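Treat the numbers as computed from the prediction; the structure is a model and nothing was measured.
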Amino acid sequence: MPTLHRREFLKLAAALGATLAWGCSTVRPSSTAWRERRDLFPQGVASGDPDDHSVLLWSRRPYADGRDRATLIVEVAEDPAFTRVIASTAVPILAQADWTCRVLVGDLPPAGEYWYRFVDEEGNGSRIGRTLTAPAPDDPRPARFAFVSCQTICEGAQNAWRKMIFEDERAAPDERLGFVLHLGDFVYEVVQYPEQVKNGKRYDRTVTFPIKFEHGRAVANNRFTAPGSLNDYRALYHAYLLDPDIQDARARFPFVAMWDNHEFSWQGWQSIAGYGEGPVPAQTLKVAANQAWFEYQPARVTPQGGSLASFDAPHVVDTKVTEFDDDGLGLEPNNLAAIDSLIAYRALRWGRHIDLVITDQRSFRSPDPSNRDELGPLFEDAPFSFFPEALAMHIDSGRDFANGHPPAKLSFGDKSIANFRANEPPQSMLGAKQKAWFLERLRNATATWKIWGSSLGTPDWRLDPQNMPAAMGKWSDGYAILANYDWGGTYHERAEIFDAVRDAGITGFAIVAGDRHSFWAGVAAKTLPPAAFEPVGVTFVVGSISSVGAAEANEHNMKPDDPLRPLFVANPGGGPPQPTVNLLMHHGVRSALEYASSGDLAKAHAVRNAEMSPHLSFVDMGGHGYATVRVDATSMVTDFVCIPRPIERSAGVDGGPLRYRVRHEVSLWRAGESPQMRQMVLEGDAGLAV
């Protein structure tokens with residue numbers, strides 16, 4: 001390999017805050033006296049962001065003897081017995097980096113399988129990890145990956161990881177996963193202490209208390225405790241990576257990670273914290289959250305001014321953000337410094353068939369206009385929790401609604417207020433700089449499939465309360481939406497993206513997303529009937545690994561005498577609770593009510609509202625598990641692998657039984673055509689999700 005290439009890798013390693021390990025032409029047996037001591041490497045090992053000739057490796061070896069630094073040796077081999085070591089180097093670890101290390105291993109052949117381990121000066125070794133390099137950019141072989149989101153160790157079990165590992169270990173070599181795309185909420189920064197949990201339970205789940213914050217602060221009316229310092233955020237990763245199933249997954253697969261909100265703050269955006277308490281300036285915590293994420297996720301992200309071994313955190317002060325640009329970015333200097341301390345959006349190429357473009361939905365998003373106090377008078381004494389679709393579109397698009405002709409008033413039922421958004425810019429999820437980068441990457445993508453990795457889902461949350469019977473109350477505002485915090489309610493910017501895909505003639509456009517704690521599949525279109533319905537791609541949302549979903553919450557939170565309960569959960573024939581919310585979102589009010597009454601799914605489908613959700617082919621609001629993707633030159637196949645509610649850790653090595661495995665297949669379409677999705681249930685029973 002040319003010397004210049006090695007110099008370029010040295011510069012890249014320095015930019016990534018990593019040590020460089022260079023592959024060698026001489027294959028040799030291990031020269032270390034490695035003996036496994038997992039107790040001394042308590043958070044295991046991990047790898048991330050592979051390309052076709054390099055991969056990042058990670059581990060943590062803490063010391064408690066007063067020293068501030070130590071040295072490890074990392075070895076990379078072609079075999080798990082380490083008789084064919086191809087790379088080795090010394091790695092510094094520092095107390096100021098919480099004893100974590102990042103190693104960029106370069107000059108590796110593409111499409112390779114490798115094993116790695118870390119060894120301290122006394123021969124104490126980490127567990128052995130396995131990783132992969134990407135295929136060469138022109139490699140025509142099919143490509144595979146999994147995508148996941150939302151795991152909690154405090155009130156759930158990580159059985160989905162065990163299922164994924166079990167199946168991958170037994171798959172044929174050319175059927176195994178290339179990487180895992182983790183789309184956020186790797187940790188949950190809000191935890192509960194015993195005194196904050198009534199009877200030690202949340203629904204049917206026992207809340208555990210593995211995390212104690214040194215500087216924790218009570219939030220959300222003392223229902224939760226949140227981090228108050230860098231060490232508190234680190235404590236989250238310490239605890240999560242002690243979970244055997246999460247740790248095993250990181251040791252088997254290279255991860256490609258993006259944060260969502262809980263890596264920083266529930267309901268947080270930019271450097272502003274939420275917790276249902278209004279916007280709270282939290283620049284110091286944003287920097288701390290970014291630093292902890294950088295220390296514990298082996299990702300090709302560049303900290304501002306980072307060194308080889310540690311994150312160089314900028315000095316910031318918690319300061320109220322009051323001035324925003326036209327894309328909603330807060331111009332307060334501490335806010336900008338906190339956001340810029342770590343930029344995580346990036347792209348990855350995997351063979352001929354995948355250009356993966358990953359965006360950050362939290363660090364640059366504008367204030368959510370649906371939470372504005374000005375809307376309060378419209379919802380006083382409102383008998384429904386639904387949000388009118390037309391109102392959502394008005395407040396999202398601001399002054400750009402209807403090509404610059406916003407209404408003078410905003411209305412809901414018989415109430416109206418002045419349109420406080422009439423002179424304000426549209427909501428932005430990405431901000432100007434990231435959006436320009438994202439659209440440019442899409443337009444220049446050359447792989448067969450252009451896959452957008454988003455922590456937030458894009459399908460509309462539409463429902464049709466205008467079809468409710470009179471006994472449930474009168475709804476006169478047309479279609480409604482169930483939620484509007486994600487891309488499903490960011491109509492204007494989502495339309496910009498989808499129009500760019502259409503105008504550039506991009507085919508093979510697919511979206512994979514998380515956060516909703518539910519499985520969704522369908523096509524990507526900027527508007528629904530009666531407006532034009534013009535799909536430009538396909539879209540998927542994965543259920544949570546273990547976090548509580550809406551169906552579970554409905555079972556426990558909706559009272560039996562609530563007149564709206566049959567729309568969300570029902571017990572037809574006196575049987576167990578059924579998530580009629582799946583039918584509500586997919587087929588409409590009449591379908592949900594018919595099933596709640598008769599328990600007959602065929603009858604429920606017969607009265608569906610075909611105009612309501614033509615963009616959807618699958619909705620399971622209570623699904624847990626993961627999704628896998630296989631792509632080649634002609635098709636994309638996405639499997640939803642759903643497990644039972646993960647209340648307890650499964651005793652079996654296979655992670656326990658499946659609820660269902662459902663396949664969604666789409667053939668590559670030509671420019672100007674609409675993608676067509678085919679669906680089949682491979683295992684189990686998808687129930688009301690189809």
Quiz item: When you check the side-chain N and O atoms of S397 and D400, is any donor under 3.5 Å from an acceptor?
Solution: no

Quiz prompt | Backbone of P646 reached by a side-chain donor or acceptor of Q158 within 3.5 Å | solution = no

Quiz item: Taking NZ, NE, NH1 and NH2 as the nitrogens, is one of them in R372 or E374 under 4.0 Å from a carboxylate oxygen of the other?
Solution: yes

Quiz item: Do we see a donor-acceptor contact under 3.5 Å between the side chains of Y193 and N222?
Solution: no

Self-check item: Backbone N/O of G687 and side chain of D685: donor-acceptor pair under 3.5 Å
Solution: yes

Self-check item: Donor-acceptor contact below 3.5 Å, side chain K450 vs main chain T507
Solution: yes

Quiz item: What heavy-atom pair brings S455 and D515 nearest, and what distance separates the two atoms?
Solution: O-CB, 3.1 Å

Quiz item: Do F364 and Q270 have side-chain heavy atoms sitting under 4.5 Å apart?
Solution: no

Practice problem: Establish, from distance only, whether the side-chain atoms of S547 and T152 form a donor-acceptor pair under 3.5 Å. | Solution: no

Quiz item: Would a 4.5 Å heavy-atom cut-off, applied to side chains only, mark I497 and F438 as touching?
Solution: yes

Quiz item: In terms of side-chain heavy atoms, does W259 have a donor or acceptor partner in D185 at a distance below 3.5 Å?
Solution: no

Quiz item: Should the pair D486-R494 be classified as a salt bridge under the 4.0 Å nitrogen-to-oxygen rule?
Solution: no

Self-check item: Under 3.5 Å donor-acceptor, S650 side chain and G656 backbone
Solution: yes

Self-check item: E555 side-chain N/O to E552 backbone N/O, donor-acceptor pair under 3.5 Å
Solution: no

Quiz prompt | Verdict with reasoning, D639 to R661, per salt bridge (charged side-chain N to carboxylate O under 4.0 Å, His left out) | solution = CA-CA 7 Å; D639 287 356; R661 191 189 311 267; 5.4 Å; no

Quiz item: Aromatic ring centroids of F618 and Y660 under 6.0 Å?
Solution: yes

Practice problem: Just say parallel, tilted or perpendicular for the rings of F186 and H182, cut-offs at 30° and 60°. | Solution: tilted

Quiz item: Is any side-chain heavy atom of V637 less than 4.5 Å from a side-chain heavy atom of E665?
Solution: yes

Practice problem: Please work out whether the ring planes of W452 and F509 are parallel, tilted or perpendicular, with thresholds of 30° and 60°. | Solution: parallel

Quiz item: Looking at side-chain heavy atoms only, is the closest gap between F420 and L375 below 4.5 Å?
Solution: yes

Quiz item: Short question: side chain of D325, backbone of G330 - any donor-acceptor pair under 3.5 Å?
Solution: no

Practice problem: Would you indicate whether the side-chain heavy atoms of W475 and P388 approach each other to under 4.5 Å? | Solution: yes

Quiz item: Is it true that the side chains of Q427 and R365 contain a donor and an acceptor less than 3.5 Å apart?
Solution: yes

Quiz prompt | ring-ring contact (aromatic ring centres under 6.0 Å, His included) evaluation trace for F519 with F540 | solution = CA-CA 7 Å; F519 285 106; F540 303 95; over 10 Å; no

Self-check item: H605 side chain vs V690 backbone, donor-acceptor pair below 3.5 Å
Solution: yes

Quiz item: Thinking salt bridges, do K526 and E496 make one under a 4.0 Å N-O criterion?
Solution: no

Exercise. State, to 0.1 Å, how close A627 and F640 come at their nearest heavy-atom pair, and which atoms those are.
Key: CB-CD2, 3.9 Å

Quiz item: Charged N to carboxylate O under 4.0 angstrom, D620 versus R659?
Solution: yes

Practice problem: Verify whether one side chain among Q151 and S546 offers a donor that lies under 3.5 Å from an acceptor in the other. | Solution: no

Quiz item: Is the closest basic N to carboxylate O distance between K559 and D562 below 4.0 Å?
Solution: no

Practice problem: Answer yes or no: is there a donor N or O on one side and an acceptor on the other, between the side chain of T580 and the main chain of P566, under 3.5 Å? | Solution: yes

Self-check item: Donor-acceptor pair between H624 and S544 side chains, under 3.5 angstrom
Solution: yes

Quiz item: With under 30° as parallel and over 60° as perpendicular, where do the rings of Y203 and H556 fit, or are they tilted in between?
Solution: parallel

Quiz item: Any idea which heavy atoms bring N221 and E277 closest together, and the distance?
Solution: N-OE2, 3.9 Å

Quiz item: Is the closest side-chain heavy-atom distance between V662 and M680 below 4.5 Å?
Solution: no

Self-check item: Test item: I272 and V321 side chains (from C-beta on) under 4.5 Å apart, heavy atoms
Solution: yes

Quiz item: Is there side-chain contact between R362 and L456, with heavy atoms separated by less than 4.5 Å?
Solution: yes

Exercise. Considering non-hydrogen atoms only, spot the tightest contact between H394 and L410 and give its length.
Key: CB-CD2, 3.6 Å

Exercise. Could you tell me whether E155 and R205 have a side-chain N and a carboxylate O separated by less than 4.0 Å?
Key: no

Self-check item: Shortest non-hydrogen contact between H586 and S613, atoms and distance
Solution: O-CB, 3.6 Å

Quiz item: Going by atom types alone, do T359 and Q361 pair a side-chain donor with an acceptor below 3.5 Å?
Solution: yes

Quiz item: F401 and I395: side chain to side chain contact (heavy atoms under 4.5 Å, CB included), yes or no, with the steps?
Solution: CA-CA 9 Å; F401 183 80; I395 65 172; over 6 Å; no

Quiz item: Does any N or O in the side chain of D464 come within less than 3.5 Å of the main-chain N or O of N467, such that one atom is a donor and the other an acceptor?
Solution: no

Practice problem: Look up atom OG in S366 and atom CD in E493, then write down how far apart they are to the nearest 0.5 Å. | Solution: 7.5 Å

Practice problem: Answer with yes or no whether the side chains of S667 and R678 bring together a donor and an acceptor at under 3.5 Å. | Solution: yes

Exercise. Let me know which of E189, Q196, R217 forms a side chain to side chain donor-acceptor pair (under 3.5 Å) with T225.
Key: Q196

Quiz item: Can you tell me how far the CG atom of D368 sits from the CD atom of Q267, to the nearest 0.5 Å?
Solution: 9.5 Å

Exercise. Work out which heavy atom in C154 is nearest to a heavy atom in V191; give both atom names and the distance.
Key: SG-CG1, 4.3 Å

Exercise. Output, in order, the C-alpha distance, side-chain angles, deciding distance and verdict of side chain to side chain contact (heavy atoms under 4.5 Å, CB included) for W266 and Y188.
Key: CA-CA 8 Å; W266 177 32; Y188 275 71; over 6 Å; no

Quiz item: Looking only at atom types and distance, does a side-chain atom of R421 sit under 3.5 Å from a main-chain N or O of P425, one as donor and one as acceptor?
Solution: yes

Quiz item: Does one side chain, of T206 or K201, offer a donor that lies under 3.5 Å from an acceptor on the other?
Solution: yes

Quiz item: Rounded to the nearest 0.5 Å, what separation is found between the CZ atom of F568 and the CE atom of M585?
Solution: 8.5 Å

Exercise. I would like to know whether E424 and R399 meet side chain to side chain contact (heavy atoms under 4.5 Å, CB included); could you show each step before the answer?
Key: CA-CA 5 Å; E424 296 180 356; R399 67 190 179 209; 5.9 Å; no

Exercise. Start with the C-alpha gap between R502 and E534, add the side-chain angles, then the distance that decides, and say whether side chain to side chain contact (heavy atoms under 4.5 Å, CB included) holds.
Key: CA-CA 9 Å; R502 178 201 62 201; E534 300 171 345; 4.1 Å; yes

Quiz prompt | Distance in Å, H587 NE2 paired with N582 CG, rounded so as to fall on 0.5 Å steps | solution = 9.0 Å

